[in-house]
Peer 1: 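Provided herewith is a single structure, encoded as structure tokens, for subsequent inquiry.
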Amino acid sequence: MSSDSPQKTVFQPVPAQPDYQAIQHRILKFWEQGRHFYRLMARNRGNPKFKFLDGPITANGPMGVHHAWGRTYKDLFQRYKAMQGFDQRFQNGFDCQGLWVEVEVEKELGFKSKRDIEKFGIDRFVEKCKERVLRFSRIQTQQSILIGQWMDWENSYYTMSEENNYSIWYFLKECHRRGLIYEGTDVMPWCARCGTAISDMEIATEGYRELTHPAVYVRFPLVEREGESLLVWTTTPWTLSSNTGAAVHPDLTYVRARLGDEVLILAQERLAVLGTDFRVLEEIPGSELAGLKYRGPFDELPAQQGVEHRVVLWEDVSANEGTGIVHIAPGCGKEDFLLGKEQGLAVIAPLLEDGTFQEGFDWLTGRFAGEVASDIFENLRSKGLLFCVEDYTHRYPVCWRCGQELVFRLVDEWFIRMDPLREEIMNSARQVRWIPEFGLDRELDWLRNMSDWCISKKRYWGLALPIFKCRCGWFDVIGSREELRQRAVAGWERFEGHTPHRPWVDEVKIACPQCGSPVSRIKDVGNPWLDAGIVPFSTTHYLSDRQYWQEWFPFDFITESFPGQFRNWFYAILAMSTVLEKCSPFKTVLGYATMKAEDGREMHKSWGNAIEVEEAVEKMGADVMRWVFARHNPVQNLLFGFKVGQEVRRKLLTFWNVYGFFVTYANIDQINPVKLQVEAEDLTLLDRWILSRLNSLVKLARNRLDDYDCMSVALAVEDFIEDLSTWYVRRNRRRFWKSAEDRDKAAAYYTLYQCIVTLIKLVAPIMPFITEDIYQNLVRSCDADAPDSIHLCFYPEPDEKMINLELEREMKMVRALVSLGHAAREKAQIKVRQPLSRMIVNIKSAGSRDWLLPYADIIRDELNVRELQFADPNELSGSGLVIQEDEDYVIGLDTSLTPELEYEGIARELVRKIQNMRKSAGFEVVDRIALSCQCAGKLEAAIRMFSDYIRQETLAQDITFAPLTDYDSVAEFVINNCPVRVEIKRERK
RNA sequence: GGGCCCUUAGCUCAAGUGGUAGAGCACUGUGCUGAUAACGCAGGGGUCAGUGGUUCGAGUCCACUAGGGCCCA
């Protein structure tokens with residue numbers, strides 16, 4: 001520091017702790033100005049390719065930390081491949097269309113229903129949706145940059161693009177050509193608020209909630225037997241209005257039971273429902289009940305006129321709940337619908353789009369199905385049909401976006417037939433490498449069970465399904481904008497210039513080849529998984545540039561969160577690619593589990609345990625957060641929070657301290673690492689050991705990352721840092737401190753420098769900021785020829801010649817032995833400062849002990865013993881030595897002290913005290929001092945005997961026993977029962 | 001009813017192809033003191049959910065059971 005020593009330091013001094021915030025800002029600016037990302041892309045252009053496909057993120061809000069988890073995987077594997085020179089597209093994707101966006105825009109605008117949207121204008125509404133998506137895609141881009149993700153942000157894909165939408169048209173046309181598209185009548189889960197069907201895929205994702213509903217027991221009086229009724233049970237009272245059948249199990253035993261003055265029929269196993277005052281008249285097998293006619297509970301309604309109600313057989317009836325007789329309303333439930341179809345029951349569809357009863361339901365008409373339960377009960381009671389009501393808790397489907405309880409509604413929807421594709425898609429799935437492997441089983445399970453893909457939605461913001469259906473029943477699918485233009489007979493001019501969205505595309509009419517009428521597009525928009533499913537093709541310009549597509553398809557790698565995606569994105573891309581190309585669009589998928597808060601619960605803002613991306617980056621640092629993700633086992637749920645962040649921070653701090661240590665002494669010694677001349681024979685055992693560890697680590701890192709396993713790498717790096725810090729640096733400190741500029745010192749600097757620089761390159765893909773910061777200081781500062789960013793370096797390659805596994809194994813044994821020595825000192829209560837004369841070692845295993853000899857110096861230094869001797873165990877016992885033992889060794893520590901040993905201990909103790917004084921007085925490491933030790937007896941003798949040592953360690957020019965005329969710091973101690981007054985003064989240069 | 005996953009120290013998690021159970025955190029003691037709002041060493045803590053099997057040998061492979069989770073019907 002002093003102005004009269006114009007030393008030129010090579011490296012910027014390293015602060016005690018990394019300021020992650022400052023480093024991030026500095027590095028982000030540095031990258032922006034240096035355009036390193038684009039230079040990296042350009043450098044690798046034309047090389048062998050690494051083909052990554054980004055699963056589109058929904059651009060409907062700021063992204064959360066759980067997205068940062070996935071983005072860390074995406075980023076680190078792309079960076080790793082880039083450092084190996086692979087040519088990549090680096091394309092990010094945004095998912096833009098769909099109900100989720102509509103719901104948020106409706107909230108913004110204060111809308112309650114579809115009527116509000118139509119009043120507002122579909123065109124304005126759709127523009128609002130586009131605006132929202134663009135707004136949040138910008139925010140998500142900024143957030144991604146903040147966490148260090150390198151992508152070609154100016155070239156992100158948007159699923160609302162024309163290319164994406166028209167690619168889906170092409171796909172649907174192909175499906176139609178193969179006869180897979182049909183309009184079906186089905187009972188679909190329906191959200192009355194959103195006014196749309198919810199597909200199975202969407203329900204599967206997050207569509208169930210534990211809910212309590214009133215369940216009702218109702219009498220269905222038999223037509224030919226007065227005073228006798230079927231007893232049925234249902235949890236959805238409103239569906240009784242549309243009852244047309246009652247189902248019994250053919251193999252169950254039913255009974256006729258007298259209760260008071262009536263006879264009730266129910267399953268024998270469910271008799272408890274009747275209480276205790278009943279008498280069983282007769283047992284009847286379910287099969288004999290088939291065909292019985294009964295009066296329906298709402299026969300008086302116009303919609304029920306002419307309907308015959310009868311008992312049918314059904315294998316799925318269970319006697320676990322209810323009465324064993326199931327109320328069947330084919331217009332209100334999926335299973336009911338299928339059974340009704342099979343048994344020829346009448347179908348009554350009670351509900352309109354908004355969930356209210358339609359015409360023909362008398363007092364129910366116009367009322368909302370979810371709110372009529374109590375009136376239904378009252379009505380049934382007045383007709384003498386109500387038996388009883390009880391609360392029933394079950395998992396019930398709700399709308400995954402707005403939370404509204406779903407109803408089941410008879411609707412016309414469009415489907416892709418999946419049976420003809422099932423086997424083919426399963427074959428595609430089998431081509432994929434699933435990480436973890438059970439992913440394949442999960443996917444196949446879904447594929448085996450999937451029903452036809454419902455692709456239509458009666459909404460506004462989404463893919464305009466290119467299906468044109470005439471009143472006469474004819475329909476066709478349009479495969480491209482050009483085809484639409486050619487076939488348009490009206491409205492083209494009102495569409496031209498717009499994206500293929502509602503309402504503009506709805507203006508176009510084509511001619512019906514059967515009846516000649518002008519035909520409109522069906523009003524429905526597409527299921528959003530079509531949007532995300534086509535991206536393997538749309539982003540590679542399948543339609544416009546087939547050669548480019550061939551270069552980039554299929555993709556090597558995708559990574560997304562497992563839960564949900566088997567039936568969503570994985571399914572969609574597999575299905576669509578199988579239709580178009582009969583293959584999987586990706587070769588490997590890495591799946592990861594779910595992020596939870598640190599308390600093990602889900603993250604919820606209202607619970608105060610949610611963490612936002614910006615907050616995480618600010619408080620723990622992007623690098624630390626990324627390391628938390630990288631070191632985690634992706635199969636397990638991740639409990640994320642600041643506590644785990646703090647643990648990781650401390651681990652990384654260990655490395656930072658090693659870096660700081662290097663810089664401190666390299667600056668004092670004016671070391672330029674580039675100019676170090678080191679020969680192989682200069683390397684010590686410890687040098688060769690840590691370099692072997694380093695090269696083993698490099699080898700492992702490449703091997704594991706090639707296998708998409710970053711956890712093993714992160715954990716191995718943590719181990720290495722531990723070894724580097726607590727063994728290599730600790731055992732070599734004196735080599736850096738000593739004043740002689742010899743080859744041994746150069747070897748130490750060389751080795752440590754190699755370790756640090758290789759390590760930062762190794763982990764640069766995981767922690768892009770701090771490694772860049774260290775690289776700039778450690779490499780760029782002294783090597784003008786080095787790439788100007790660490791991310792433009794090539795990934796380290798292992799030097800096999802440097803790997804010596806035997807050395808690594810032996811050093812492990814040595815460290816175990818040292819540990820035992822520390823334990824013996826601990827047992828004897830003797831500080832390491834106090835030198836001891838000898839330690840005796842017995843190695844239990846039979847083999848030679850010669851391997852240990854080269855390590856004797858290390859062991860003696862570490863344990864501060866003069867001599868290391870070998871002996872048999874029997875020589876150790878009863879020797880008066882302090883004995884310690886583990887599986888491999890028995891050791892004995894000789895604790896007897898000669899005066900000389902005691903004096904040395906005193907000298908070391910004194911040195912330590914003086915060093916403390918220097919430090920608290922604020923002296924620089926290199927400052928020289930004047931030293932006075934005022935004492936007598938043993939202490940004086942010790943100082944005289946070890947004065948050279950003391951002067952050397954404390955940088956004292958001289959030691960006097962008389963007071964100094966002037967001093968900077970003074971202290972009094974008692975060492976080994978002798979008092980001493982110490983004065984120190986910084987010497988002027 | 002069916003499929004898949006999980007269960008290792010008080011807590012959070014490791015233990016590629018079967019070979020004498022390990023970290024970090026927390027706790028206790030202690031050492032070191034120019035890496036220092038750090039660090040080292042030591043200690044207590046485990047019937048690796050349970051039972052049975054294969055094997056010279058099982059946390060690891062197989063079967064079943066229990067508990068937890070995800071999904072399908």
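No experiment lies behind these values; they were computed from the predicted model shown. Lettering follows sequence order; numbering is per chain, from 1.
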Peer 1: When the distance from CG of A/Asn657 to C1' of B/G40 is rounded to whole Å, what number comes out?
Peer 2: 14 Å
Peer 1: Which nucleotide in the list B/A35, B/G16, B/A38 gets nearest to the side chain of A/Leu700?
Peer 2: B/G16
Peer 1: If you count every heavy atom of other residues, nucleotides or ligands that lies below 6.0 Å from A/Gln957 atom CD, does the total exceed 12?
Peer 2: yes
Peer 1: Taking atom C1' of B/G34 as reference, at what distance in whole Å does atom CD1 of A/Ile984 sit?
Peer 2: 13 Å
Peer 1: Would a 4.5 Å heavy-atom cut-off, applied to side chains only, mark A/Leu653 and A/Arg649 as touching?
Peer 2: no
Peer 1: Whole angstroms only, please: what is the CH2-C1' distance between A/Trp627 and B/U12?
Peer 2: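 Value for this atom pair: 18 Å.
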Peer 1: Across all strands, who's sitting opposite B/C61 as a Watson-Crick or G-U wobble pair, both distances under 3.5 Å?
Peer 2: B/G53
Peer 1: Less than 3.5 Å between a donor and an acceptor, one on the side chain of A/Thr654 and one on the base of B/A35, is that the case here?
Peer 2: no
Peer 1: Whole-Å distance between B/U17 C1' and A/Arg704 CZ?
Peer 2: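 That distance rounds to 12 Å.
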Peer 1: B/C13, OP1 or OP2 - any side-chain N/O from A/Asn633 closer than 4.0 Å?
Peer 2: no
Peer 1: Rounded to whole angstrom units, what separation is found between the CZ atom of A/Arg567 and the P atom of B/C72?
Peer 2: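 Spelled out: CZ on A/Arg567 to P on B/C72 is 5 Å.
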Peer 1: When you get a sec, tell me which of B/G24, B/C72, B/A38 is the closest nucleotide to the side chain of A/Lys651?
Peer 2: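 Among B/G24, B/C72, B/A38, the one nearest the side chain of A/Lys651 is B/G24.
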Peer 1: Which nucleotide, if any, forms a Watson-Crick or G-U wobble pair with B/U36, using both distances under 3.5 Å?
Peer 2: none
Peer 1: Please report the distance separating the P of B/G18 from the corresponding atom of B/U60, rounded so that it comes out in whole Å.
Peer 2: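 Per the computed distance, 12 Å lies between those P atoms.
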Peer 1: Can a side chain N or O of A/Gln636 be found less than 4.0 Å away from OP1 or OP2 on B/U12?
Peer 2: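 For A/Gln636, the contact criterion (side-chain N or O under 4.0 Å from OP1 or OP2 of B/U12) is not met.
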Peer 1: Taking atom types as modelled and ignoring hydrogens, do the side chains of A/Ser712 and A/Asp709 form a donor-acceptor contact shorter than 3.5 angstrom?
Peer 2: yes
Peer 1: Would you call A/Asp707-A/Arg704 a salt bridge at under 4.0 Å N-O?
Peer 2: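 Yes, charged N to carboxylate O under 4.0 Å.
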Peer 1: Taking the side chain of A/Arg733 as its heavy atoms from C-beta onward, which of B/U12, B/G40, B/A35 lies nearest to it?
Peer 2: B/A35
Peer 1: Looking at A/Arg693 and A/Asp719, is any side-chain nitrogen of the basic one under 4.0 Å from a carboxylate oxygen of the acidic one?
Peer 2: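 The answer is no: the pair does not qualify as a salt bridge.
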Peer 1: Counting heavy atoms from C-beta on, name the nucleotide in B/A38, B/C4, B/A14 closest to the side chain of A/Met711.
Peer 2: B/A14
Peer 1: Does A/Arg442 put a side-chain nitrogen or oxygen below 4.0 Å from OP1 or OP2 of B/C5?
Peer 2: no
Peer 1: Tell which nucleotide pairs with B/C48, taking only Watson-Crick or G-U wobble pairs whose two distances are both under 3.5 angstrom.
Peer 2: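 Pairing partner, where one exists within any strand: none, as none qualifies.
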Peer 1: Just call it for A/Glu718: base, sugar-phosphate, or nothing, with non-hydrogen atoms closer than 4.0 Å on any strand.
Peer 2: nothing
Peer 1: In Watson-Crick or G-U wobble terms, both distances under 3.5 Å, what is the partner of B/C4?
Peer 2: B/G69
Peer 1: Scan every strand shown for a Watson-Crick or G-U wobble partner of B/A15, both distances under 3.5 Å, and answer none if you come up empty.
Peer 2: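 Across all strands, not a single nucleotide pairs with B/A15.
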Peer 1: Using the side-chain heavy atoms of A/Leu715, tell me which of these nucleotides is nearest: B/A14, B/A38, B/C5.
Peer 2: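 Closest nucleotide among those given: B/A14.
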Peer 1: Expressed as a whole number of angstroms, how long is the span from A/Asn449:CG to B/C4:C1'?
Peer 2: 12 Å
Peer 1: Do NZ/NE/NH1/NH2 and the carboxylate oxygens of A/Arg442 and A/Asp445 come within less than 4.0 Å?
Peer 2: no
Peer 1: Which nucleotide, B/C72, B/A35, B/C4, lies nearest any side-chain atom of A/Ser725?
Peer 2: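 In terms of side-chain proximity for A/Ser725, the closest of B/C72, B/A35, B/C4 is B/A35.
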Peer 1: Output the rounded distance in Å from CZ (A/Arg908) to P (B/G34).
Peer 2: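 Answer to the nearest Å: 13 Å.
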Peer 1: Taking the side chain of A/Leu639 as heavy atoms from C-beta outward, which of B/A35, B/A15, B/C13 is closest to it?
Peer 2: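 Closest nucleotide to the A/Leu639 side chain: B/C13.
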